[in-house]
Each structure stands twice: as C-alpha cells, then as structure tokens.
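Reviewing the structure listed below.
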Number of protein chains: 2
Amino acid sequence: MNFDAITIRDIARELHLSVSTVSKALRDSYEISEKTKKLVTEFAQKHNYRPNPMAQSLKKGHSKSIGIVVSSIDNQFFSQVINGMESEAYSQGYNVIITQSHESYELEVQNVGHLIHRAIDGLLISIATETADVEHLRRLQQQGLPIVFFDRVSNEIDTHKVIVDNLGGAYQATMHLLASGYKNIAHITSSVTSSVTNQRLAGYVDALVESGIEVNEQYIKYCLHGGLNLDELEQAIDELMQTEPRPDAILTASDRITTSTMTLLHKKNIRIPQDVALVGFSNTVLADVLNPSLTSVHQPAFEIGRKATEMLLSIINSKRPITEFENVVLPTELFIRSSSASKLK
Amino acid sequence: MNFDAITIRDIARELHLSVSTVSKALRDSYEISEKTKKLVTEFAQKHNYRPNPMAQSLKKGHSKSIGIVVSSIDNQFFSQVINGMESEAYSQGYNVIITQSHESYELEVQNVGHLIHRAIDGLLISIATETADVEHLRRLQQQGLPIVFFDRVSNEIDTHKVIVDNLGGAYQATMHLLASGYKNIAHITSSVTSSVTNQRLAGYVDALVESGIEVNEQYIKYCLHGGLNLDELEQAIDELMQTEPRPDAILTASDRITTSTMTLLHKKNIRIPQDVALVGFSNTVLADVLNPSLTSVHQPAFEIGRKATEMLLSIINSKRPITEFENVVLPTELFIRSSSASKLK
DNA sequence: AATTTTTACGCAAACGTTTGAGTTAGCTTG
DNA sequence: CAAGCTAACTCAAACGTTTGCGTAAAAATT
C-alpha cells in the first residue's frame with residue numbers, strides 16, 4: 001500500500017509551504033503564483049507524487065470507477081464488449097469493476113449491491129435472462145445512480161441504451177436462409193422476457209410473414225438459461241428434429257446458443273447444412289474455420305462497449321440531470337459462409 | 001453516490017450515542033455492552049447501513065481490491081483465467097480491477113502504475129511478451145506489494161507462481177505427432193523472452209531428441225507479438241512452407257497463435273492434416289467443431305486463476321512477511337482430434 | 001500618504017471511519 | 001470507607017485530500 005508513500009503533507013514540509021498551498025498548486029488554482037506552482041509540480045514530479053485516490057474519493061464523493069454486469073466474461077461477445085468499455089473508461093481515467101451474473105437474477109441483484117457498496121459512479125449492465133423484475137435497478141436510478149443499458153435492455157427504465165439492430169439482423173439472416181432455398185426454418189432463442197429475444201424473434205417472424213410463410217410455433221424454442229444449460233438446449237434440438245415437417249434450417253439467437261448448437265449437432269451426427277442449415281448470432285473469430293464455416297450475424301461488440309461507456313461517462317460528468325435519453329442502435333453484419341450453403345442449384 | 005447515505009454519524013445521532021460507540025458496536029468490540037450492540041446492529045440493519053468503503057480504505061490503508069494484468073481479455077484462455085480470479089476474489093470480499101497490456105511493455109508499465117495508483121492490495125500478472133525487463137515489478141515487490149505471477153512468469157522475481165506443465169504439454173503433443181507418423185514437425189511460438197515459450201520449446205526439443213530426431217532451427221519460428229500481429233505470423237508460416245523438407249506438422253504454442261494459424265492455413269488453402277497437421281495450445285470450447293476438429297493442449301484456466309488469487313489473498317492476509325514461495329504447476333491435458341490424424345494406416 | 005484592491009498564501013473544517021486514550025459511574029476490596 | 005477496579009462509554013486525533021474563508025504584504029488607486 002504505502003509505496004512511494006509521499007503525500008501532499010510531505011511536499012508541504014519539504015518546501016516550507018502549507019498543505020493547502022500544495023494542494024492548490026497541484027490543482028493549478030488561480031490563487032497560487034506561477035513560481036510556487038512550478039516549484040511544487042516539479043518537486044511532485046521528481047518524487048513521483050500520486051494523490052491518494054481513496055482520500056480524493058472520500059472528499060469528492062466519487063470513486064472514478066464504473067461497474068459492469070454481464071452474464072459471463074467467458075463469452076466472445078461480452079469479452080469484446082468489455083474490451084471496448086475498458087478502453088474508453090481507461091482513457092478517461094476511470095476503472096471498471098466487472099461482475100458476472102451467470103444469467104441468474106439473484107446473482108445480478110447481489111452483484112449490483114456489491115458494486116453500489118464499492119461506490120461506483122455509474123453502472124453498465126446487460127440484464128440476466130432470468131431477470132424479469134428490474135425494480136432494484138429503477139430504485140437505484142431514482143436515487144441518482146447513472147445507468148446505461150447495453151445488449152439486454154429494459155423497457156421499463158428510461159435511460160441511455162445501446163443495442164444492435166436485432167430485428168434487422170434476424171430478418172436479414174432469415175431472408176438469407178429463405179433465398180438459399182430453406183423452407184422450414186426453426187428458431188432457438190433464450191428467455192421470453194429478454195428484449196433481445198423479442199426483437200430477434202420479431203425479425204424472424206417478419207421475414208417469414210413477408211415471404212408468405214406461416215409461422216409454426218413448434219419451430220420456436222426458448223432456452224431460459226441462454227444456452228448455458230446444455231441439457232435444455234439439447235432437448236430443444238431433439239424436439240425440433242422430431243417435428244414434422246422436420247426443419248431444414250435453424251436460426252440461433254445468441255453467441256452461446258449458436259456455438260453450443262453447433263457442438264450438439266456435431267455430437268448427434270446431424271450434418272450442416274445438408275441435414276439442417278445453421279445461421280446464428282455470434283462474434284466468434286473462428287467462424288471461418290468452423291466445420292462447416294459458420295454463417296453468422298456479427299455484432300460490433302467493441303463499439304457497443306465503447307459507446308455505452310462514453311454515454312455513461314457523459315451522464316456522470318454532466319452538470320445538470322439528464323432527462324433526454326438516447327437509444328443507440330448499431331447495425332449488425334451478416335457474414336455468409338457454408339453453414340447456410342444454397343440448396344438450389 | 002450518496003445512495004442510502006446513512007452514515008455511522010446518523011446512527012449515533014438517532015440513538016443518542018457517540019460515533020465511536022457505534023463504530024465499536026458494529027465491529028463487535030468488547031468495550032460495548034451487549035444491549036447497545038444489539039440496539040446499534042438492529043438499527044443499522046433496518047436502515048441498510050453500509051460502511052463507506054473509501055473511508056475505511058483511507059483509514060485502514062487497504063482497498064480490498066486486487067489488480068489483474070493480462071495481455072487481452074478477448075482471449076478464451078485469459079477470460080477463463082479471469083473468471084476463476086473473479087470467482088475467488090469475490091468470495092473473499094475483494095474486487096478485481098482488470099487491465100490489458102496487449103503484449104506491450106509500455107502499456108504493462110502504465111497499467112501497473114495505474115493499478116498502484118488505485119491502491120490495489122495485490123497484483124496478479126501474466127507479463128507481456130514484449131517485456132524483457134521486470135525491474136518495475138521487482139521494485140514494487142520490494143516496497144511490499146504482494147504479487148503472484150501466473151502463466152507468463154518471471155524467474156527474476158521470487159514470489160508465488162502458478163503455471164502449467166508447459167514442458168510436459170509440449171512434449172506430449174510432440175510425441176503424439178511423432179507417434180502419428182509425422183516426421184518434420186515445426187514449432188511456432190511467441191517471444192524468446194517468455195518463460196512459457198522456453199518451456200514449451202524445451203518440451204518440443206526433448207521429444208524430438210528423445211526420438212532420435214535432429215532439431216532443425218529453421219522449423220522454429222518466433223512471433224514477438226504472440227500472434228496478435230497477423231502479418232508476422234503469416235510470414236512465419238510462409239517461410240515454413242518453403243523450408244526443405246517442408247514440415248508435415250506444426251505445434252503452436254499459444255491460444256492466439258493456434259487459432260490464427262488455423263485461419264491462415266485455411267486462407268492459403270493448405271489442408272489440415274493432409275498437407276500439414278496442427279496441434280496447438282488452446283482453450284477454445286470450439287475445438288470439437290473446427291474444420292478439422294483441433295487437437296489441442298488444454299490448460300485448466302479457471303483453476304489457474306482461482307489458485308493464483310487464493311495465493312495472493314493468503315499473502316495479503318498474512319501477518320508475517322512471506323519468504324517461502326510456492327511454485328504451483330498444474331497439469332495440461334491433450335485432446336486428440338482430427339487435425340493430427342494419423343498418417344499411418 | 002491614505003485608501004482600496006490584488007496577490008499569494010495559511011488556517012481549519014470536512015469527507016466517514018477507526019482506535020488509543022481518557023472519563024465517568026458503580027462496584028469491589030482490604 | 002478510602003482506594004482501586006471494571007464496565008461502558010466518549011473524546012479526539014488520524015488517514016490524505018479539498019476548499020471556503022481569513023489575512024498579510026504588495027501593488028494600484030485616489
């Protein structure tokens with residue numbers, strides 16, 4: 001702890017100045033002469049003075065750190081998002097404190113509590129699939145905590161949000177499958193309560209309806225744990241494969257579900273795309289080298305994180321309370337690869 | 001910030017007690033009667049009192065947070081490691097602050113500086129490939145900062161370390177290639193200065209020597225940026241493919257190098273394993289569904305993170321200075337898949 | 001030269017907590 | 001019953017900063 005334990009007091013003593021003079025000199029106050037400022041800053045520089053952040057935090061009432069809640073850090077999409085957050089926060093002198101909800105409501109509440117306890121200046125959160133009630137967040141917001149939602153947002157709380165064009169992404173992916181000759185397209189998604197799920201589902205439905213294809217409810221499977229629970233996903237796939245007519249393509253709605261589905265199809269010796277085509281939301285850098293290479297809806301994850309953090313910091317640094325909130329929607333990108341190779345010749 | 005802004009002072013006022021009585025009651029001091037303790041704790045409970053962590057930190061001289069430096073969070077191996085760290089730290093009431101060095105020495109120094117500035121109680125670090133000089137870390141350790149190395153450790157600093165059996169992992173992988181009929185095995189690794197690189201290289205060499213095969217220096221390629229820089233890696237592969245006799249197998253020494261090599265081989269239409277077999281250190285969960293499925297040396301990443309954190313916290317919480325340091329070596333596991341399919345029939 | 005203004009600095013309180021050193025009142029002891 | 005002891009508190013300093021206010025000297029204005 002007490003490394004280069006030089007404090008403002010030490011500087012004051014050495015330079016025969018008062019503590020407040022030193023403090024003001026370092027903060028470049030107009031009250032202090034240029035000469036003294038120079039003296040102090042040079043001395044501080046030379047002795048590698050660093051203000052004690054805890055004393056500053058205590059005094060100023062903020063901690064220069066922001067809290068992050070994601071479902072799991074061990075997930076290409078989220079780790080890329082966090083990468084963007086860390087980058088932006090760091091460049092503005094903030095630290096990030098990362099916590100994982102593992103899609104559990106209980107853990108989410110607990111983590112947020114812990115973060116508040118650590119006196120974060122703001123919160124970046126993608127709510128857990130399990131979470132249906134966001135009262136705990138609303139209360140915090142009303143008490144003045146700046147919050148920015150990303151990815152999985154809540155409609156019930158009014159604040160800045162950063163999402164991607166989920167509807168468009170799913171629509172485009174579904175249209176691509178249809179154009180490639182697939183007729184019976186299934187959709188595996190996560191919890192019904194999630195904003196992301198609903199938007200992607202809507203894109204899927206829109207594409208079907210627009211193409212004059214009836215939506216078959218049996219083709220839509222919900223996985224409450226977002227693919228974290230393999231059994232749940234396996235059951236969904238098994239059910240799909242027994243549905244008549246059997247689906248000839250699957251659209252998966254999240255990174256984890258996509259990769260897990262791929263793994264399970266392999267395990268079951270179901271060939272992609274001959275037996276069933278696969279298109280999924282995924283940010284894996286390995287899409288190209290998968291077997292088969294994976295047609296994926298890619299999200300600008302880094303940019304999501306960067307933008308969300310930028311917006312959060314703008315709330316934090318704003319003098320007046322914010323009442324107008326922005327809803328940033330970033331585009332997705334469809335990468336067409338072999339897992340959805342055309343059936344037509 | 002000032003959420004449930006109830007302080008010890010508020011409690012004291014309400015209960016007509018002094019601030020110190022309340023503080024001592026909450027800390028269960030023998031100086032306070034059971035009756036008063038009960039009164040105070042119940043009041044605190046009811047009003048959801050939480051001690052201000054910054055005031056506590058300032059007073060007690062520690063921050064209950066530990067710093068982490070990894071090359072990149074967006075990397076399966078490291079995100080799994082961090083997952084383990086976060087889990088252990090959190091369970092002991094500590095926060096983690098994560099920073100990324102992106103394999104740059106300069107960034108590493110800067111990040112460590114920032115972490116110290118944030119008054120971390122300890123440091124978990126995997127040093128950057130670029131880093132040759134660890135003087136900056138040694139100085140901090142001498143000043144009393146508890147440090148635990150993981151993955152990329154330094155021999156020049158004596159402290160707890162958590163690594164895997166790099167030599168054994170590389171040895172086993174090389175032996176497997178030899179047993180599968182591959183004769184000309186190349187090795188792509190990262191910086192020469194890295195402990196990991198050296199150990200894996202040694203395992204590779206040992207296996208060859210033990211099998212009576214001469215080590216061909218031209219088969220060993222170093223990538224200073226650990227695969228972050230694709231050009232560098234592409235050049236290494238190009239050179240290998242022009243070496244006579246051309247290698248019939250490659251052992252890659254890190255997660256990033258492995259996946260990038262796979263991507264590049266695809267791009268160049270070099271078939272795996274027909275043209276060249278591939279075995280790599282990697283923690284990707286997608287190894288099974290790659291094309292071809294990837295023979296990989298897997299590291300217990302979560303456990304590395306968990307163990308390193310446990311050891312760091314034991315130093316932090318130790319009354320007396322530690323002089324005896326442990327060097328934990330965890331086993332790797334070789335998963336044999338198609339990218340190294342036997343040449344023999 | 002007397003006044004006001006400006007410059008440059010010091011004092012002290014405050015942020016919320018912890019803790020060693022008092023300070024009572026009630027109790028025990030010889 | 002005086003002297004000491006204990007239990008149960010309170011006081012006040014301290015952690016390292018920041019900041020409003022006070023003030024002396026220098027400079028500018030009458």
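Each chain gets a letter, A, B and so on, in the order the sequences are listed, and its residues count up from 1. These values consider heavy atoms only, across backbone and side chains, with no hydrogens, waters or symmetry-generated copies.
- The distance from atom CZ of A:R9 to atom C1' of D:dC15 is 9 Å, rounded to the nearest whole Å.
- When the nearest nucleotides of DNA chain D are assigned to B:H16 and B:A55 by heavy-atom distance, the more 5′-ward of the two goes with B:H16.
- Distance B:E34 CD to D:dA8 P: 9 Å, rounded to the nearest Å.
- The interatomic distance linking A:L17 (CG) with C:dC11 (P) rounds to 11 Å, in whole Å.
- Defined by atom type and a distance below 3.5 Å, a donor-acceptor pair is present between the side-chain atoms of B:Y90 and A:N111.
- Between C:dC9, D:dC11, D:dG16, one nucleotide has an atom nearer to the side chain of A:N52 than all others, and that is D:dG16.
- Atom-to-atom, NZ of A:K35 to C1' of C:dT7 comes out at 13 Å; the value is rounded to the nearest Å.
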Can you tabulate the close N/O pairs, meaning under 3.5 Å, that link protein atoms to atoms of nucleotides 18-23 of chain C?
residue: C:dT18; atom: OP1; partner: B:R27; partner atom: NE; Å: 3.1
residue: C:dT18; atom: OP1; partner: B:Q56; partner atom: OE1; Å: 3.0
residue: C:dT18; atom: OP2; partner: B:S23; partner atom: OG; Å: 2.9
residue: C:dT18; atom: O2; partner: B:K59; partner atom: NZ; Å: 3.2
residue: C:dG20; atom: O6; partner: B:K24; partner atom: NZ; Å: 2.6
residue: C:dA21; atom: N6; partner: B:K24; partner atom: NZ; Å: 3.4

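- In this structure B:F302 satisfies the ring pair (Phe, Tyr, Trp, His ring centres under 6.0 Å) test with no other residue, sequence neighbours excluded.
- Residues passing the side-chain hydrogen bond (donor to acceptor under 3.5 Å, both in side chains) test with B:S23, sequence neighbours excluded: none.
- The 5' end of DNA chain D is approached more closely, in terms of each residue's nearest nucleotide, by B:I32 than by the other of B:I32 and B:L58.
- When the options B:V22, B:L39, B:V19, B:T21 are evaluated for a side-chain contact (heavy atoms from CB on, under 4.5 Å) with B:I11, the one that passes is B:V22.
- Where the helix from C:dA1-D:dT30 to C:dG30-D:dC1 starts and where it ends, the local axes point in directions that differ by 60°; five pairs per end, rounded to 10°.
- A straight line from NZ of B:K37 to P of D:dC9 spans 10 Å, rounded to a whole angstrom.
- Take B:Q142 and apply the side chain to side chain contact (heavy atoms under 4.5 Å, CB included) test, not counting sequence neighbours, and it matches B:R138.
- Under the 4.0 Å criterion applied to side-chain N and carboxylate O atoms, B:R306 and B:E310 are assigned as salt-bridge partners.
- Not counting sequence neighbours, the partners of B:S57 by the side chain to side chain contact (heavy atoms under 4.5 Å, CB included) test are A:M54, B:S63.
- Neither side chain, B:S194 nor B:S191, offers a donor N or O lying under 3.5 Å from an acceptor on the other.
- The main-chain N or O of B:I127 is found under 3.5 Å from a side-chain atom of B:R152 such that the two form a donor-acceptor pair.
- Per the geometry, CE belonging to A:M54 stands 14 Å off C1' belonging to D:dA14, to the nearest Å.
- Atom CG in B:D10 sits about 10 Å away from atom P in C:dC15, given to the nearest Å.
- Proximity of A:T36 to the phosphate of C:dC9: a side-chain N or O atom is located under 4.0 Å from OP1 or OP2.
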